[in-house]
Amino acid sequence: MVTTLALTILSFCITAGAKPRHFEGELIEAGNSGASVQLIDRYALVRRHNVTLDKPDPLTPLSVGNGEFAFTADITGLQTFPDYYQQGMPLGTQSQWGWHTSPNTKNYKLSDILEEYVVAGRKVPYASDKGYSKGYSPAASWLRANPHRLHLGQIGLRITKYDGSSARIEDLSNASQILDLWKGLLNSKFEIDGQTAKVLTVCHPKIDLLAVRIESNLLGQGRLQVKIKFPYGNDNWGKAANWNHPDRHTTRQSITAQQADLTRILDSVCYYVRVARSPEGGGGILAISQHEYEVYQTDGRPLELVFAFSPNVISEPLPDFETVRAAAAEHWQKFWESGGAIDFSQCTDPRASELERRVVLSQYLTAIQCSGTLPPQETGLVCNSWFGKFHLEMHWWHAVHFALWNRLELLEHSLPWYQSILPKAKATAQLQGYPGARWPKMVSPDGRDSPSTVGVFLIWQQPHPIYYAELCYRAHKDRQTLERYRQIVFETAEFMASYPVWDENSQRYVLGPALIPAQESYGRYRARNLNPTFELAYWYWGLETAQKWRQRLGLEREPNWDRVIQNLSRPTVRGGVYTGIETPPYTIIEDHPSMVAALGFVPQTPLIDPNTMKRTLDYVMRKWDWPSTWGWDYPMLAMTAARLGEPEKAIDALFIKAEKNRYLANGHNYQSARLPLYLPGNGGLLTAVAMMAAGWDGCPNPPAFLRKQEGGPGFPDNGKWNIRWEGLKRMP
């Protein structure tokens with residue numbers, strides 16, 4: 001039996017200075033099963049943004065992956081021409097578990113580089129490398145660079161031209177490459193000397209395994225082989241491979257005609273690689289050198305290969321190419337058919353199609369790069385930045401969107417890691433004389449913070465775990481979730497309540513000094529910075545949310561936390577706008593305009609006046625130095641504009657003309673030659689767009705049974721942004 005519901009829903013949100021915004025209802029037919037009805041053609045939505053290339057571009061390699069492992073390929077579908085791409089976006093094979101530590105021959109430790117700062121009359125140690133104002137000491141340099149993420153192995157083609165010389169990338173012709181987003185399949189085709197080669201590349205959705213199928217007459221002619229090479233670890237900032245020291249690592253081998261089992265030993269690190277070829281056709285696997293191997297085929301039949309990587313001995317048989325392709329296709333269809341979706345095809349604003357492209361590609365990229373068991377590095381699993389370490393203040397930008405796009409499990413994958421490093425976070429707080437847990441900034445899997453003249457003074461990552469836990473509770477609404485994250489929430493709040501300093505003269509709690517805000521331009525003033533606007537609002541929200549967790553668990557509110565909440569400093573206003581910090585120079589108009597995040601990123605709190613924030617947003621949009629901004633600044637501004645009832649400004653913020661707001665053909669958010677991709681920009685975009693469509697607390701949506709939504713409180717109601725969306729979740 002089918003029940004027809006004729007519903008006209010009037011829902012509106014009241015924001016500062018905003019007129020009521022309407023969500024329009026429509027006739028919905030719902031079966032008794034209560035199953036979700038999808039009214040967006042998701043297949044068409046996704047497929048129209050398949051990445052299609054017809055020539056090499058050093059900034060546009062394409063990746064396949066599963067959140068734990070990723071492989072980035074050039075125009076051939078493999079890593080055949082790494083030097084060409086090194087000048088743009090390097091080609092990496094990386095994982096969450098693949099790390100290397102250079103020998104610590106001098107026994108460097110964090111205590112070697114502590115520097116004391118006076119806070120409320122007592123000395124507080126920070127790992128800021130005392131005595132080195134320019135660069136870092138040998139101890140700090142080693143601690144920053146170790147451990148570093150590994151390039152697990154370079155898999156490419158060996159192509160020989162008709163004259164016997166090795167092919168260069170310039171020798172390829174009629175190249176075409178398609179990344180099929182719906183299937184997670186990379187389809188590459190090119191010609192060399194008039195001979196065609198076709199390469200299919202796909203990653204298993206649950207195993208750190210790459211599957212490849214090659215079809216070409218060049219195989220039988222002995223002019224096309226597959227090679228895999230292994231480097232040593234690299235402790236330079238943006239490098240993952242060191243090819244210059246084959247003597248520093250070992251590759252042990254066990255090879256048959258169909259399979260090679262390789263054991264990689266780099267100092268104290270060991271990992272395992274298995275290469276398996278299809279039994280059809282003559283050929284085999286050769287050791288070219290200790291660290292290089294070649295797979296060849298002696299007839300013209302297609303060559304199918306799988307490459308498995310693991311921190312443990314590989315004992316089980318590997319799936320073949322077709323099994324991997326089918327598993328990936330099933331996985332990606334399920335991914336796109338679940339979670340949220342936004343369709344911009346009915347919009348007439350000329351920017352809409354580009355926004356849709358960025359949104360679709362960002363979903364794919366963050367799924368393969370940012371959804372693993374560790375917080376991601378800023379360049380994901382493509383290549384190294386900051387030695388492959390991850391920045392916890394960026395985890396919000398990488399992963400909060402998963403919850404808003406109704407894919408919470410992709411955020412939850414990484415949350416147990418916080419529990420695993422809780423002892424180290426508590427030890428850091430204790431060393432500095434605080435209770436609770438102080439979360440690190442630039443960190444590797446072991447949880448040890450990295451020395452820095454900036455990072456160790458940041459505090460805006462501290463409330464993040466409370467935010468993640470709150471997103472989980474909003475989704476699950478159960479006691480189990482409260483119990484799972486209660487220790488993280490409470491230990492975080494304990495530190496947050498103890499960190500502010502009581503100022504007897506002004507009768508208030510003060511954030512700082514020995515502090516650098518999210519806007520890192522104030523770094524040289526760290527010994528006297530006080531009360532950054534964003535951090536004050538986030539501190540208030542974090543502590544108040546932790547109190548709600550106590551109440552949900554049947555506990556009394558913590559008096560010390562309430563004392564800080566009630567007496568926390570108010571942000572500074574000068575000239576009618578919020579400043580970056582309370583102390584001189586007040587506001588520097590470069591880097592992140594983070595004061596606007598106090599209402600946008602952070603929900604409304606009593607600390608922030610919407611009208612003052614509206615003037616602040618206008619000031620930033622007029623005055624800011626855009627070349628100095630970063631990829632997540634634009635969605636940050638958009639979220640603030642949306643909450644203030646300024647949807648036109650929200651759209652304008654997403655399209656600010658700045659080099660770091662550039663989205664490449666592969667969907668990556670380009671920042672600079674040093675940082676050719678920046679996943680916080682992609683994740684921030686998804687967060688902002690979901691929030692602009694589905695709204696936020698205080699901006700109610702229609703009832704859940706209204707399957708289809710048109711428009712959204714953060715999109716202009718001007719007839720040009722006729723978006724349709726479904727499956728999104730409201731932002732706090």
Angle class for the W541/Y467 ring planes (parallel below 30°, perpendicular above 60°, tilted otherwise)? tilted

Anything under 30° is parallel, anything over 60° is perpendicular, the rest tilted; go ahead and classify W396 against F601. parallel

State which residues pass salt bridge (Lys or Arg N to Asp or Glu O under 4.0 Å) with K389; sequence neighbours excluded, sorted by chain then number. none

Is it the case that the side chains of E412 and Y485 hold a donor-acceptor pair, with the cut-off being a distance below 3.5 Å and no angle test? yes

Would you call D652 and R351 a salt bridge, using N to O less than 4.0 angstrom? yes

Give a yes or no on whether the ring-centroid distance for W630 and Y678 is below 6.0 angstrom. yes

Just by distance, no angles: are the side chains of T492 and W439 close enough, under 3.5 Å, to form a donor-acceptor pair? yes

Does this structure show an ion pair linking K334 with E330, if we count only N-O contacts that are shorter than 4.0 Å? no

Relative to the ring of W460, is the ring of H464 parallel (under 30°), tilted (30 to 60°) or perpendicular (over 60°)? perpendicular

Please report whether the ring centroid of W332 lies less than 6.0 Å from that of W182. no

Under the ring-ring contact (aromatic ring centres under 6.0 Å, His included) rule, collect the residues that match up with W405, sequence neighbours excluded. none

dist N661:CG -> T629:OG1 (nearest 0.5 Å) comes out at 7.5 Å

With sequence neighbours left out, what residues match H391 under ring-ring contact (aromatic ring centres under 6.0 Å, His included)? W386

Going from NE2 on H398 to NE2 on H401, what distance comes out if it is rounded to the nearest 0.5 angstrom? 9.0 Å

